[in-house]
Amino acid sequence: MVKTYRHESLLGFFKGMSFPIASIAVVNSVLFGIYSNTLLALTATSHQERRAQPPSYTHIFIAGCTGGFLQAYFLAPFDLIKVRLQNQTEPRAKPGSPPPRYRGPVHCATSIFQEEGPRGLFRGAWALTLRDTPTMGIYFITYECLCHQSTPEGQNPSSATVLVAGGFAGITSWVTATPLDVIKSRMQMAGLNQRAHRGVLDCIVSSARQEGLGVFFRGLTINSARAFPVNAVTFLSYEYLLHLWQ
Ligand SMILES: CN(C)C(=N)NCCC[C@H](N)C(=O)O
């Protein structure tokens with residue numbers, strides 16, 4: 001944090017934020033919509049009926065994985081642009097200094113499209129899918145399991161329960177997702193720094209060989225610290241909105 005602040009000022013912490021903000025509503029509605037509808041198809045119970053007739057953890061896991069798998073393709077281009085902008089660490093532009101490679105998210109998207117083709121916008125999408133498919137299953141299982149354990153039979157979980165269960169669901173899923181998150185980000189940067197990886201496996205093996213196994217846990221602390229508040233609020237909004245519209 002100190003380095004980022006010294007090098008890039010307060011603005012450095014908000015680099016690449018506009019695209020994730022624009023995309024988060026779409027990506028989360030795809031995820032939660034697919035999750036809910038898959039669960040509906042598997043168990044034939046609506047969200048309201050699920051407290052009285054809780055679905056099995058296998059069904060929750062399958063529905064979570066399906067949501068994770070499909071949302072990855074909506075997330076991929078936005079996530080790529082975020083990673084490219086966040087990795088652009090030149091100090092603030094000084095008069096006379098060369099301009100940064102990407103001037104902003106739109107410039108970043110058009111440059112990738114022109115230099116790497118339309119498929120370039122989906123660079124790292126396969127690693128993203130591998131990251132999100134199982135970890136979204138884990139995400140929803142953790143949430144439902146914690147809610148179920150701290151709520152009397154047949155009742156809706158309290159707001160405090162939803163916040164804590166959502167927060168822990170976020171941490172659990174990020175702890176399991178961090179190794180593939182590292183690989184995904186490396187593959188997304190590969191188009192830029194000409195370090196071609198032959199695929200996900202090649203990237204895993206060369207990263208482990210060059211930097212040791214610790215490389216797979218880079219960013220774990222910050223990911224987990226971020227995951228608690230973000231996912232506590234995500235689940236509270238989800239439960240509140242479904243309750244409001246029932
Ligand atoms: C890759 N992983 C761990 C997940 N996608 N986990 C679920 C949390 C998703 C949430 N939008 C977030 O950004 O924390």
Side-chain angles (χ1 to χ4, degrees), residues 13-36 38-39 57 60-86 105 122-147 162-189 200 203-204 215-242:
F13 293 103
F14 295 92
K15 206 172 254 180
M17 272 311 291
S18 53
F19 254 47
I21 287 175
S23 65
I24 197 88
V26 177
V27 171
N28 269 348
S29 59
V30 168
L31 170 67
F32 281 86
I34 292 172
Y35 168 72
S36 273
T38 309
L39 213 47
Y57 288 125
I60 294 171
F61 185 72
I62 296 173
C65 291
T66 312
F69 179 80
L70 293 173
Q71 69 111 45
Y73 284 88
F74 287 81
L75 178 62
F78 294 110
D79 192 66
L80 175 73
I81 289 160
K82 181 196 76 174
V83 167
R84 291 278 174 99
L85 289 175
Q86 284 177 336
F122 287 87
R123 193 179 282 276
W126 179 226
L128 186 70
T129 310
L130 286 179
R131 182 197 77 173
D132 279 7
T133 305
T135 55
M136 283 302 186
I138 293 170
Y139 180 60
F140 285 105
I141 283 219
T142 311
Y143 173 73
E144 290 298 343
C145 182
L146 291 177
C147 281
V162 169
L163 283 171
V164 173
F168 277 110
I171 292 188
T172 318
S173 66
W174 272 107
V175 167
T176 46
T178 296
L180 270 164
D181 188 58
V182 171
I183 298 303
K184 175 219 54 113
S185 302
R186 288 175 174 219
M187 304 217 38
Q188 287 172 323
M189 288 303 291
V200 174
C203 184
I204 294 177
V215 71
F216 297 121
F217 298 97
R218 249 185 223 168
L220 181 63
T221 318
I222 196 77
N223 277 349
S224 307
R226 170 199 167 280
F228 193 93
V230 166
N231 292 290
V233 172
T234 302
F235 273 104
L236 190 66
S237 315
Y238 171 65
E239 295 288 358
Y240 178 75
L241 290 172
L242 283 179

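Counting convention: from 1, in listed order, for ligands and their atoms alike.
At least one donor-acceptor pair closer than 3.5 Å links the side chain of R84 to the backbone N or O of Q188.
Checked by distance only, ligand 1 and Y139 stay at 3.5 Å or farther apart across all their nitrogen or oxygen atoms. The distance criterion of under 3.5 Å between nitrogen or oxygen atoms is met by W174 with respect to ligand 1.
Among M136, R226, R131, the residue whose heavy atom lies closest to atom 4 (C) of ligand 1 is M136.
The number of heavy atoms from other shown groups lying within 6.0 Å of OH (Y73) is above 12.
With 3.5 Å as the limit, one finds a donor-acceptor pair spanning the side chains of N231 and Y139. No hydrogens or angles considered: nothing links the side chains of S29 and Y238 as a donor-acceptor pair under 3.5 Å.
The closest protein non-hydrogen atom to atom 1 (C) of ligand 1 is D132 OD1, 3.0 Å. With respect to atom 11 (N) of ligand 1, the closest heavy atom belonging to the protein is N28 OD1, 4.1 Å. Distance from atom 10 (C) of ligand 1 to its nearest protein heavy atom, with residue and atom name: N231 OD1, 3.4 Å.
Residues Y143 and F168 keep their aromatic ring centres 6.0 Å or farther apart. Between F140 and F32, the distance separating the two ring centers is shorter than 6.0 angstrom.
Contacts between V27 and ligand 1, counted as non-hydrogen atom pairs separated by less than 4.0 Å, are absent for every part of the residue. Residue-level proximity to ligand 1 for T176 is absent, since no heavy atom of it falls below 4.0 angstrom.
Atoms of ligand 1 found under 4.0 Å from any heavy atom of S173 (numbered from 1 in listed order, with element): 3 (C), 6 (N), 7 (C).
For the side-chain contact (heavy atoms from CB on, under 4.5 Å) test with V175, the passing option among T172, I171, T178 is I171; the others fail.
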